[in-house]
Visitor: 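What follows is a single structure, and I will ask about it in a moment.
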Amino acid sequence: MTIDVPTTGRSLPQLQPISFIGADGRLTDTPTEGLRIPSDATLTGLYRQMVLVRRFEAQVTHLTRQGRLATYPSAAGQEAAEVGATTALAPNDWLFPTYRDSAALLTRGVPVAEILAAFRGDWHCGFDPHEYHTSPAATPLATQTLHATGFAMAAKLKGEDAATLTFLGDGASSEGDTHEAFNFASVWQTPTVFVLQNNQYAISTPLREQTNATMLADRAAGYGMPGLRVDGNDVAAVFAAVAAALERGRNGDGPTLIECLTYRMESHTNSDDPTKYRDSEEVEHWKQFDPIDRLEKYLRTTGALDDSTVAEIAEAAETLAASVRDAMNTEAEIDPRELFAHVYANPRTALAEQQQVLEAELAAAGHA
Amino acid sequence: MTIDVPTTGRSLPQLQPISFIGADGRLTDTPTEGLRIPSDATLTGLYRQMVLVRRFEAQVTHLTRQGRLATYPSAAGQEAAEVGATTALAPNDWLFPTYRDSAALLTRGVPVAEILAAFRGDWHCGFDPHEYHTSPAATPLATQTLHATGFAMAAKLKGEDAATLTFLGDGASSEGDTHEAFNFASVWQTPTVFVLQNNQYAISTPLREQTNATMLADRAAGYGMPGLRVDGNDVAAVFAAVAAALERGRNGDGPTLIECLTYRMESHTNSDDPTKYRDSEEVEHWKQFDPIDRLEKYLRTTGALDDSTVAEIAEAAETLAASVRDAMNTEAEIDPRELFAHVYANPRTALAEQQQVLEAELAAAGHA
Amino acid sequence: MSVETGTDPTTDQTAVNGETATAASARDDAVAPSSVTMTKALNQALRDSLADDDTVLVFGEDVGRLGGVFRVTEGLRAEFGSNRVWDSPLAESGIIGTAIGMAMNGMRPVVEMQFDAYAYPAFEQIVSHVAKMRNRTKGRVSLPITIRIPYAGDIGGVEHHSDSSEAYWTSTPGLTVVTPSNPADAYSLLRESIASDDPVVFMEPKSRYWMKETLSLPVTTAPMNRAQVIREGTDVTLLAYGPTVRTALDSAEAGAEHGLSIEVIDLRTLSPFDDETVSESVRKTSRAAIIHEAAQFGGYGAEVAARLTERNFTHLSAPILRVAGFDVPYPSPKLEEFYLPTVERVLDALESWDWEL
Amino acid sequence: MSVETGTDPTTDQTAVNGETATAASARDDAVAPSSVTMTKALNQALRDSLADDDTVLVFGEDVGRLGGVFRVTEGLRAEFGSNRVWDSPLAESGIIGTAIGMAMNGMRPVVEMQFDAYAYPAFEQIVSHVAKMRNRTKGRVSLPITIRIPYAGDIGGVEHHSDSSEAYWTSTPGLTVVTPSNPADAYSLLRESIASDDPVVFMEPKSRYWMKETLSLPVTTAPMNRAQVIREGTDVTLLAYGPTVRTALDSAEAGAEHGLSIEVIDLRTLSPFDDETVSESVRKTSRAAIIHEAAQFGGYGAEVAARLTERNFTHLSAPILRVAGFDVPYPSPKLEEFYLPTVERVLDALESWDWEL
Ligand SMILES: Cc1ncc(C[n+]2csc(CCOP(=O)(O)OP(=O)(O)O)c2C)c(N)n1
Ligand SMILES: Cc1ncc(C[n+]2csc(CCOP(=O)(O)OP(=O)(O)O)c2C)c(N)n1
Ligand SMILES: [Mg+2]
Ligand SMILES: [Mg+2]
């Protein structure tokens, strides 16, 4: 990745979101601040991954309706931001996701069952962060932006060739932690990329009640940090912007804020009722900006994609969906004694005593 | 006050700080974003008040060295920001100061003894906030920025013709609360003016380790709020900018961020040792930008000030200093029972019981 | 008053509160009794407070259009307009901090923290300002703010959604901490909290949100700051609040089958503690246990046990016991049942006493 | 070991800690004994930790050039460079949040919250992440972070500068809470805290910062997690920690004049609580009181009283008493003396017991 990094200096991002491939599947003539469109091969990979994660989201949402998971926040509609940003990461980089970013976890290689462990109530974080170079998904909003900054600072101090990427939402952008992370990252010049998925809503609260700024990317200037606004449904733009920003970070040039304009097609989680705060026309309107449709059109034009590849990918998606169903059909074995196992590195007598209470109860109940 | 309000729209503040009267006492040719220099009469009043507060700060610092106050954070050098901003307030407006802003309290009419009560340990807040339309000085950094925003929101909801002004420091600008206040104020379009006194240091931490931005006023754009950078040692510029911003707020046009570039001439508080983190040359350098000297020069040029007025003001300052000494020579009567008197509006039996314990101790010790 | 089974699967038990029924029927203006969930009672309390007092404001995350993620504020924005009820930007310190400013300017803000753990970003504003403003200013500045916090677990929530944070607030002088366990109290205590000139942390037990009572609103139950004996007994006093009141009543029922006469007290207000009511009961029974969901170590039960022992030592036949969550972070849904204090755990604890003393 | 009078007027009393002296002289590499303040001991602990382990980092507000407002980090930036010791931007949530990230990436950050009340902005990061990360990840992610917090009063600080926030941390599962009362422990416990794989809230009693001991550093005292009997007695056990250890020792001295034999225990670590050491003492004396500066209601003393009573009920002749701050916000300097637990208040409390039982 040697794309030239757009240096915004002391200026505000261009008003028009950076985009390569328009909603109609054709190349746009939007200025792209020095970014270049990824190769067809890269784009085909991104297409494939977007199809997979969309199928994943649909399958999980379906299982949630059946009551197989307690709760699930789907990123349907946001595949370009999820996949484009995550794919740009190098293996050594670390990802700091939120509850919304299961698609990113999947893209990062975390096994389905380990992603879903949290949502079906097995354990808080189902995977090994060190194995996937991926932090546990954060539920307390914006807190992870600081973790990403600190991790990157350590990488910088140790001279590691690693950057960090963190996702956050338009709602989370209002939390104090976000501001502190932007500021620490910029003062310390850490290799951190903040990918702000502006999906227009924080649960029911629309963007215009979240900020009075023209765009959230305008925040960056106040920290002396480059800020970009990209069409978050154009995976080519997201990938190019994030890749360049990661490269910038690794080169010692500090953090970048990238606002991805997108839309949450589903409800906030399955227990949400979006009809209370938005009308179906708005949802319909956003359908025309679908990230997958446009890329498929584009890649068919360039010839990178044909019917058979599309069919092959669709089949892979079905295989993935089946594996999701399988994973959810297998009940995880959770030993109640694990309540006590991971609280401290140094064992505590009083906790062992409490475990005895539980053991006695388990024995009385005939529990294994 | 009908000065035209500079509308920054979606743009960053001009690089050169707004100033009318340069360090040499002459009018500058800096662009002033539509602001106009205050009248000579206004400026003479501001001069007088700056001389008074400087004498106040010197006297209090002196008494602190004598051990008559436990601790004191002086705003010496920052008189233009303190006095210029506070004088721009209408009586109905509310001020939300910090520990640094005793000069502002004095300008607001709070009696000397009531200002100093906190620093000599009598009571946390020595004055009645409702009487002076002034909040207790905040010690937890940046927290007051939200109070000012909420107060202004209530004023707006009630249709009151009142605005709020809050001071904050360059250090405090890094706290999450500052960001949340900027955002809430701008989304709600409250009549709030944020006066950021950038005095180059947060205790020992220099500005360059606090922010990577070219200027802190650049933050405003990210909230869709006008931001201005003014020469914080030019009281004419501070007054004009703050007056315009207050007017803007009262007219329903929302909040403004005003960064006042200034310098803390004294140590952080009397227990600080600034030689550990800055050299005397830097302090010397800033002396040439003194806010009082330049205004005196200027007003002598225009003829608004002559030797006799200057002498009269100097005398008034000495009278003030004497009243400070008097106030500190009178020991405040503090009844230990007041420990219990103001914790709750609704009395608590358990507290009354604890008060009995204290009463018994007092009786045993022969205390009144 | 009859109590119906809630629609929520976690609330399929019954609770009895004789006092509130009496109070309800005593009111002239009471409408015909109907089946009321706790969320509905809270909603009505907010509606009536908004209607009675122009200075009452309701804001927070998603409390406007959506009516809150638990629907406690449903319909209020439509009824009172977005100048009285509105969605704030997403920032809890911002919500509390601006509520402070509004209260300084004569308003009575009622704000919602969406889940218990999401009050933590506002901790500084709550502890350093909300709790202290009256004292800082020698009583000159009142902050009549009500901070509504849905708390506790037992609803299968993902991590950070089931905390019981009451100990943080009760150990902070200057705060009043209230928690209802049933719809009638929810209504009455919330109205009283909003009317109070002291700031109130009003903790709503999530697992009881869907509990139903047949009841006429408005209703006035026992006053804030008073505990209530909700079941009489002679052998043991069980103290509970919010979500564990049901556990206490069930334990009393189960204990009765073993010949144990258990008195149950619903604390209702955690700070101040109603020493009078509780000590009286403990002196009668000579044995007491406190039940809560939060971890035991440093939990609210410690204060209860310590002060009851201080005040009633010679009347006690056994140490005050605490039946609480284990000293571990609140677990994921599949382990909730092993973490939460159950009727069995309560009865086992009572059995652990030396009954010969 | 001799104990000198501190230069600070508030620390003009003496304290004795025989154990630490023994430990100190037992070390081969100990340099010649000299007079060491607690700040100096802490400073040396940081210096030695930085020297021994490259992953130790020290950052926070003003800890670099200035060496911290209490000079605990003095000279460290000059010695180890600004890549190891540096001034952060002014934001406590930012400091803890970035420390978490650094710890995830293999570092051992030691951060300072400038005053106790200024840890509150970081409350969410501490409670929801620092305390829970190991458990959230089934033990896969360790956060070996040390959070240094200067706490408590008695130094004439203006408002918000004298809080004792230990109850917030001790009631949070996942945190270890340590507080030294003397220079030797300050050194030894800080080194152990930094080396621990568990996150530690390390609370430094401000009023003891200038207390001096003659001592050779490095020194290894009793291990973390263990309380210590620092004065033996047979009639009463006084429990204290941090700033109140001196009060407890003075009370024991004063009590002796009245013929009362008082045992004094320095808790040293608040979470976990050393049940073994303390219960043993309480069973011997049958009476105990806990002294702390924080308000009584919901304070740490409640846990101590509750658990000691649970475990030793039949051995107690009297209720465990709490001699603590009143249930009010920490007062302004001129009222400090009336708020803080004094020797008189301790002795009055002991007198309130029925000594016939
Ligand atoms: C500190 C905190 N406050 C509140 C919540 C409750 N909450 C969960 S998601 C959400 C909305 C977040 O919106 P946004 O940041 O835009 O992300 P999105 O859900 O749209 O992806 C809220 C309020 C939380 N998780 N954390
Ligand atoms: C939340 C919080 N953190 C830390 C402190 C300790 N503290 C007091 S003043 C100060 C520096 C503030 O610098 P700045 O905002 O620039 O204001 P100045 O003192 O320069 O006027 C610090 C760190 C505090 N008061 N509040
Ligand atoms: Mg969103
Ligand atoms: Mg400053």
Side-chain angles (χ1 to χ4, degrees), chain B residues 94 96 117-118 123-131 135-136 138-158 160 162 164 166 175-177 179-188 190 192 338-351 353, chain C residues 54-55 57 59 83-84 86-107 109 121-122 124-125 127-129 131-145 173-176 196-200 224-225 271-276 307 311:
Chain B
W94 268 64
F96 290 78
W123 199 268
H124 304 306
C125 173
F127 59 91
D128 182 352
H130 289 293
E131 184 171 351
S135 171
T139 312
L141 293 167
T143 55
Q144 78 284 356
T145 60
L146 283 163
H147 308 167
T149 302
F151 194 101
M153 178 63 167
K156 178 177 164 160
L157 291 173
K158 294 196 279 184
E160 282 172 3
T164 62
T166 181
E175 290 279 6
D177 274 6
H179 155 77
E180 297 186 12
F182 289 173
N183 192 44
F184 276 62
S186 189
V187 171
W188 293 348
T190 64
T192 312
E338 285 211 64
L339 273 177
F340 301 97
H342 312 295
V343 186
Y344 300 99
N346 301 302
R348 292 191 170 196
T349 319
L351 263 201
E353 289 171 15
Chain C
D54 275 355
T55 67
L57 303 173
F59 69 102
N83 276 348
R84 304 283 309 283
W86 73 95
D87 294 315
S88 72
L90 206 169
E92 294 77 13
S93 191
I95 291 168
I96 302 292
T98 55
I100 290 169
M102 292 180 213
M104 290 178 77
N105 197 358
M107 300 307 211
E124 180 186 36
Q125 290 284 359
V127 167
S128 292
H129 290 298
K132 292 181 178 153
M133 187 66 85
R134 170 178 297 276
N135 187 62
R136 295 173 70 202
T137 60
K138 278 203 178 183
R140 288 156 176 154
V141 177
S142 282
L143 295 184
I145 300 173
L175 298 177
T176 296
S196 169
D197 282 340
D198 284 319
V200 176
M224 214 163 104
N225 301 358
S271 175
F273 181 79
D274 182 353
D275 286 300
E276 199 185 322
R307 71 192 293 117
R311 286 160 190 255

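Proteins get letters first, then strands, A, B, ... in listed order; numbering begins at 1 in each.
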Visitor: Locate the shortest heavy-atom distance separating B:W188 from C:P89; write the atom from each residue and the value.
Guide: NE1-CD, 3.8 Å

Visitor: Working to the nearest 0.5 angstrom, can you tell me the gap between C:M107 CE and B:F151 CZ?
Guide: 10.0 Å

Visitor: Among C:I95, C:D198, C:I100, who wins on heavy-atom pairs under 4.5 Å with chain B?
Guide: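 Heavy-atom pairs under 4.5 Å are most numerous for C:D198.
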
Visitor: Identify which of C:R84, C:E276, C:R311 forms the greatest number of heavy-atom pairs closer than 4.5 Å to chain B.
Guide: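 Max contact count across the listed options: C:R311.
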
Visitor: Walk me through it: do B:M153 and C:F59 pass the test side chain to side chain contact (heavy atoms under 4.5 Å, CB included)?
Guide: CA-CA 12 Å; B:M153 178 63 167; C:F59 69 102; over 6 Å; no

Visitor: Is C:S128 close to B:T143 at the side-chain level, that is, under 4.5 Å between some pair of heavy atoms?
Guide: no

Visitor: Do the side-chain N and O atoms of C:Q125 and B:H147 include a donor-acceptor pair separated by under 3.5 angstrom?
Guide: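 Yes, side-chain donor-acceptor contact under 3.5 Å.
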
Visitor: Which region of B:V343, side chain (C-beta onward) or backbone (N, CA, C, O), has a non-hydrogen atom less than 4.5 Å from a non-hydrogen atom of chain C, or is it both or neither?
Guide: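 The answer is both parts of B:V343.
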
Visitor: Could you state the interatomic distance from CG (B:L146) to NE2 (C:H129), rounded to the nearest 0.5 Å?
Guide: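 The NE2 atom of C:H129 is 9.5 Å from CG of B:L146, to the nearest 0.5 Å.
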
Visitor: Can you tell me which portion of B:E175 sits under 4.5 Å from chain C's heavy atoms? Options are side chain, backbone, both or neither.
Guide: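 Contact with chain C involves no heavy atom of B:E175 at all.
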
Visitor: Could you look at B:F127 and say if it's the side chain, the backbone, both or neither that has a heavy atom under 4.5 Å from chain C?
Guide: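 For B:F127, the contact with chain C is made by the backbone alone.
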
Visitor: Please state whether the side chain, the backbone, both or neither of B:E160 comes within less than 4.5 Å of a heavy atom of chain C.
Guide: side chain

Visitor: Kindly say whether C:N105 contributes a backbone atom to a donor-acceptor pair with the side chain of B:K158 at under 3.5 angstrom?
Guide: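 Answer holds: yes.
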
Visitor: Let's go through B:E180 and C:I96 carefully: what are the C-alpha distance in whole Å and the side-chain angles of both, what is the deciding distance for side chain to side chain contact (heavy atoms under 4.5 Å, CB included) to 0.1 Å, and is it a yes or a no?
Guide: CA-CA 11 Å; B:E180 297 186 12; C:I96 302 292; over 6 Å; no

Visitor: Count the heavy-atom pairs under 4.5 Å between each of B:T349, B:T149, B:N346, B:V187 and chain C, then report the option with the highest count.
Guide: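 The option with the most such pairs is B:N346.
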
Visitor: Please report the shortest heavy-atom distance between B:W123 and C:T137, naming the atom on each side.
Guide: NE1-N, 4.3 Å

Visitor: Find the distance between OG (B:S135) and CZ (C:R136) and round it off to the nearest 0.5 Å.
Guide: 6.5 Å

Visitor: Under the side chain to side chain contact (heavy atoms under 4.5 Å, CB included) rule, what do B:D177 and C:E124 come out as? Steps first, then yes or no, please.
Guide: CA-CA 10 Å; B:D177 274 6; C:E124 180 186 36; 3.9 Å; yes

Visitor: Is there a side-chain contact between B:H130 and C:V141 in this structure, where contact means two heavy atoms from C-beta onward sitting under 4.5 Å apart?
Guide: yes

Visitor: Short question: side chain of C:N83, backbone of B:L157 - any donor-acceptor pair under 3.5 Å?
Guide: no

Visitor: I need the residue from C:M133, C:M104, C:K132 with the largest number of non-hydrogen atom pairs under 4.5 Å to chain B.
Guide: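 Option with the top pair count is C:M104.
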
Visitor: B:L351 versus chain C, heavy atoms under 4.5 Å apart: side chain, backbone, both or neither?
Guide: neither

Visitor: What's the spacing between B:F340 CZ and C:N135 CG if we round to 0.5 Å?
Guide: 11.0 Å

Visitor: Count the heavy-atom pairs under 4.5 Å between each of C:T176, C:D54, C:L90 and chain B, then report the option with the highest count.
Guide: C:T176

Visitor: Counting heavy-atom pairs closer than 4.5 Å to chain B, which one of C:P272, C:A99, C:A91 comes out on top?
Guide: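 The option with the most such pairs is C:P272.
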
Visitor: Are the side chain of B:D128 and the backbone of C:R140 linked by a donor-acceptor contact shorter than 3.5 Å?
Guide: no

Visitor: So, taking the atom named OH in B:Y344 and the one named CG in C:D197, what distance separates them when rounded to the nearest 0.5 Å?
Guide: 14.5 Å

Visitor: B:A148 versus chain C, heavy atoms under 4.5 Å apart: side chain, backbone, both or neither?
Guide: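 B:A148 has no heavy atom closer than 4.5 Å to chain C.
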
